[in-house]
Amino acid sequence: MPQAAGEELIRDNFMLQTLWIELKDSHRAFFGTLVCVDTHGNAILQDVTEYHMEPDKSPREERCMPLLMIPGKHIERVAKPRETQPRSTLRDMDVYM
């Protein structure tokens, strides 16, 4: 998906929604509320929890941050949890990217 299309999809459908965002490094993911997306596809999340992904893809909580900017070029997957807490896999989430 072209970056501009991804940025528009996120901005138009997920603003102020709680999201699970995985990075392309496959080792980190973030769970927080999307508050901004700029024209470069950079996402700003509020009330964020960072997770390090185990080899079996289960998340291990690392730290909490009040605000975080994720460069759009590093975003691999965006999912919206069906419940309020992330699960050990994406099977309980609606994946959009």
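No experiment lies behind these values; they were computed from the predicted model shown.
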Completion exercise
When rounded to the nearest 0.5 Å, the distance separating NZ of Lys73 from NE2 of His40 is 11.0 Å
Completion exercise
When rounded to the nearest 0.5 Å, the distance separating CZ of Phe14 from CG of Leu19 is 6.5 Å
Fill in the blank from the handout: Closest non-hydrogen contact found for Phe31 with Pro81 is CE1-CG, 3.3 Å
Problem - Minimum heavy-atom distance Met53-Ala29, with the two atoms named - result: SD-CB, 4.0 Å
Completion exercise
Between Ile75 and Gly41, the two heavy atoms sitting closest are CD1-O, 4.1 Å
Problem - From CD (Glu61) to CD (Glu50), nearest 0.5 Å - result: 10.0 Å
Handout entry: Set of side-chain hydrogen bond (donor to acceptor under 3.5 Å, both in side chains) partners for Glu62, sequence neighbours left out
Key = Arg60
Problem - Working for side chain to side chain contact (heavy atoms under 4.5 Å, CB included), residues Val35 and Leu16 - result: CA-CA 5 Å; Val35 294; Leu16 301 177; 4.3 Å; yes
Fill in the blank from the handout: In this structure, CG of Leu67 is separated from CG of Leu45 (nearest 0.5 Å) by 8.5 Å
Exercise for the section: For atom NE2 of His27, decide whether the heavy atoms of other residues, nucleotides or ligands shown that lie under 6.0 angstrom number more than 12. Expected result: no
Exercise for the section: Could you tell me whether the side chain of Gln17 reaches within less than 4.5 Å of the side chain of Leu34, counting heavy atoms only? Expected result: no
Practice task
List for me each residue that meets side-chain hydrogen bond (donor to acceptor under 3.5 Å, both in side chains) alongside Gln46, sequence neighbours excluded, and say none if there are none.
Solution key: none
Completion exercise
Closest non-hydrogen atoms of Val37 and Met15, given as atom of the first, atom of the second and distance, are N-CE, 4.1 Å
Exercise for the section: Measure the shortest side-chain to side-chain distance between Ile70 and Asn42 over non-hydrogen atoms and say whether it is less than 4.5 angstrom. Expected result: no
Practice task
Enter the distance from Thr49:OG1 to Met65:CE here, rounded to the nearest 0.5 Å.
Solution key: 7.5 Å
Practice task
Please report the shortest heavy-atom distance between Thr18 and Lys80, naming the atom on each side.
Solution key: O-CG, 3.9 Å
